[in-house]
Each structure stands twice: as C-alpha cells, then as structure tokens.
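Down below is the structure, laid out as structure tokens.
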Amino acid sequence: MAIRKIREIGDEVLTKPCKEVTKMTLRTKILIDDMLDTMYEAMGVGLAAPQVGILKRIVVIDVGEGPIVLINPQIEETDGEQTGEEGCLSVPGKSGLVTRPDYVKVKALDEDMKEIELEGNGLLARAFCHEIDHLDGKMYVDLVEGELHDTEYKEEE
C-alpha cells in the first residue's frame with residue numbers, strides 16, 4: 001500500500017464536487033487501501049478522496065472502532081447538536097469550533113458496492129458530516145465559529 005500526498009487548503013481540487021462511483025475497479029480498491037494507509041499515517045480520523053487529489057465520492061473514517069469505507073455517501077437523517085473542536089488533515093496545525101448534528105444516519109455503498117446504512121453519534125456523526133462535506137467541495141473552515149487557532153502537540157521526551 002502507498003501513502004498518498006494530502007492536498008492542503010488552497011489546492012483547487014478541495015473546492016470541486018466529486019463524481020459518483022459507479023463500479024468497483026481494481027484502481028478504486030487500491031485507492032481505498034491507500035486512503036486508509038494515508039489516514040492512519042497522518043493520525044487522522046477521516047479522509048475523503050479529494051484530499052488525495054481524486055474527485056470520487058469515497059471517504060474512509062476510523063474513530064477508534066475500526067475502519068469504515070463509504071462510497072457515494074448521503075446523509076439521510078440528523079438530530080441534535082454538538083459544538084466542538086474540529087481539525088482537518090488538509091489544514092495542518094489548525095483547528096476551530098464547529099457546530100454539527102450530534103446524531104447522523106448515512107446511506108452509502110460498501111467496498112462490495114452493497115448498500116449500507118450506518119448511524120453515528122458524537123465524533124462519528126461529526127466525521128460523517130466533515131468528510132461528506134469534502135465530497136461537495138466544502139471545508140470545515142467555512143463553518144468555524146470565531147477564528148481558526150493553532151493546535152499544539154506536545155512532543156514526548
């Protein structure tokens with residue numbers, strides 16, 4: 001598997017809407033594996049295909065419960081509200097406060113192109129919304145309440 005270059009804010013690819021995936025090909029399977037490797041390498045919670053320069057409606061997410069692959073995901077239902085810190089692998093070293101639904105139900109295809117429905121609360125709900133926004137060329141920085149601020153990582157000595 002390969003680690004792909006993560007595109008950063010200012011890259012035009014991050015502002016474009018993505019195309020639906022109509023069939024599973026070997027190239028698409030490799031892309032999904034590479035996206036998972038890239039997300040884990042960057043210590044992210046989610047990654048959308050445009051973040052690695054591919055305009056396809058594919059996201060990968062792992063909030064600590066194992067990898068989730070969503071192809072052509074759509075938000076079917078939302079409920080409640082949560083406000084919290086949000087960051088993005090395409091906006092390194094920055095984060096900001098964003099309000100999202102606290103509950104999200106998503107319909108998508110899995111890697112076998114079979115329809116699935118998933119539900120998420122808290123971080124998973126936030127990740128669903130954040131990654132699906134990427135597929136429509138939207139970024140969380142447009143939703144930030146107040147200013148973006150630097151995220152500090154303390155190095156272990």
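Heavy atoms only: backbone and side chains are in, while hydrogens, waters and symmetry mates are out. Residues: numbered from 1 along the sequence shown.
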message = Run the side chain to side chain contact (heavy atoms under 4.5 Å, CB included) test against Lys114 and tell me which residues pass, sequence neighbours left out.
response =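 Checked Lys114 against side chain to side chain contact (heavy atoms under 4.5 Å, CB included); matches are Asp110, Asp112.
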
request  = Quick one: list whatever passes side chain to side chain contact (heavy atoms under 4.5 Å, CB included) with Glu147, sequence neighbours left out.
outcome  =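 If we apply the side chain to side chain contact (heavy atoms under 4.5 Å, CB included) test to Glu147, skipping adjacent residues, there are no hits.
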
Show the atom names and distances, to 0.1 Å, of all donor-acceptor pairs under 3.5 Å that link a side chain in residues 7-21 to residues at least two apart or in another chain.
residue : atom : partner : partner atom : Å
Arg7    : NH1  : Asp11   : OD2          : 3.1
Asp11   : OD1  : Val13   : N            : 3.0
Glu12   : OE2  : Lys16   : NZ           : 3.0
Thr15   : OG1  : Glu12   : O            : 2.7

Single-linkage hydrophobic cluster, 4.5 Å side-chain cutoff, [X] and [Y] together:
X: Val141; Y: Leu89; answer: no
X: Val98; Y: Leu123; answer: no
X: Ile75; Y: Met139; answer: no
X: Val59; Y: Val63; answer: yes
X: Val69; Y: Ile3; answer: no

Measure the [atom1]-[atom2] distance between [X] and [Y] for me, rounded to the nearest 0.5 Å.
X: Thr99; Y: Glu81; atom1: OG1; atom2: CD; answer: 5.5 Å
X: Leu36; Y: Met39; atom1: CG; atom2: CE; answer: 5.0 Å
X: Ile58; Y: Glu131; atom1: CD1; atom2: CD; answer: 13.0 Å
X: Ile54; Y: Arg4; atom1: CD1; atom2: CZ; answer: 5.0 Å
X: Leu70; Y: Phe128; atom1: CG; atom2: CZ; answer: 5.5 Å
X: Leu47; Y: Asp62; atom1: CG; atom2: CG; answer: 12.0 Å

Over all heavy atoms of both residues, which pair between [X] and [Y] is shortest? Give the atoms and the distance, please.
X: Asp34; Y: Ala2; result: OD1-N, 3.0 Å
X: Ala125; Y: Pro101; result: CB-O, 3.8 Å
X: Ala42; Y: Ile6; result: CB-CD1, 3.9 Å
X: Pro73; Y: Val106; result: CB-CG1, 3.9 Å
X: Met35; Y: Ala49; result: CE-N, 3.4 Å

task = Could you list the residues that satisfy ring-ring contact (aromatic ring centres under 6.0 Å, His included) with Tyr140, not counting sequence neighbours?
result =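 Scan of Tyr140 (ring-ring contact (aromatic ring centres under 6.0 Å, His included), adjacent residues dropped) gives His130.
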
Which other residues belong to the hydrophobic cluster containing [X], where Ile, Leu, Val, Met, Phe, Trp and Tyr are joined when side-chain heavy atoms lie under 4.5 Å apart, directly or via other members?
X: Leu97; value: none
X: Tyr103; value: none
X: Met43; value: none

ask   = Restricting to pairs with a member in residues 83-100, which pass salt bridge (charged side-chain N to carboxylate O under 4.0 Å, His left out), not counting sequence neighbours?
value =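 Non-adjacent pairs meeting salt bridge (charged side-chain N to carboxylate O under 4.0 Å, His left out): Glu86-Arg100, Glu86-Arg126, Lys94-Asp150, Arg100-Asp133.
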
key: Pairs where residues 65-77 contributes a residue and the test salt bridge (charged side-chain N to carboxylate O under 4.0 Å, His left out) is met, not counting sequence neighbours   =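 Sorted result for residues 65-77: Glu77-Lys105.
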
Kindly indicate whether the side chain of [X], heavy atoms from C-beta on, has any atom under 4.5 Å from the side chain of [Y].
X: Pro50; Y: Leu135; answer: yes
X: Val52; Y: Leu31; answer: yes
X: Val60; Y: Pro67; answer: no

For Asn72, all residues meeting side chain to side chain donor-acceptor pair (under 3.5 Å), sequence neighbours excluded =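 For Asn72 there are no side chain to side chain donor-acceptor pair (under 3.5 Å) partners, ignoring immediate neighbours.
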
inquiry  = Does anything in residues 80-99 form a ring pair (Phe, Tyr, Trp, His ring centres under 6.0 Å)? List the pairs, not counting sequence neighbours.
reply    =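 Residue pairs passing ring pair (Phe, Tyr, Trp, His ring centres under 6.0 Å), neighbours aside: none found.
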
key: Pairwise side-chain hydrogen bond (donor to acceptor under 3.5 Å, both in side chains) hits with a residue in residues 41-60, at least two apart   =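 Matches after skipping sequence neighbours: Thr28-Lys56, Gln51-Ser90, Arg57-Asp136.
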
query = So Val104 and Ile132, side-chain contact (heavy atoms from CB on, under 4.5 Å) or not? Walk me through it.
reply = CA-CA 12 Å; Val104 176; Ile132 291 170; over 6 Å; no

inquiry  = I'd like to know if the side chain of Asp102 reaches the main chain of Gln82, judged simply by a donor and an acceptor atom lying under 3.5 Å from each other, with no hydrogens or angles considered.
reply    =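 Absent.
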
key: Residues Ile32, Ile71; criterion side-chain contact (heavy atoms from CB on, under 4.5 Å); working and verdict   = CA-CA 10 Å; Ile32 291 167; Ile71 299 167; 4.1 Å; yes

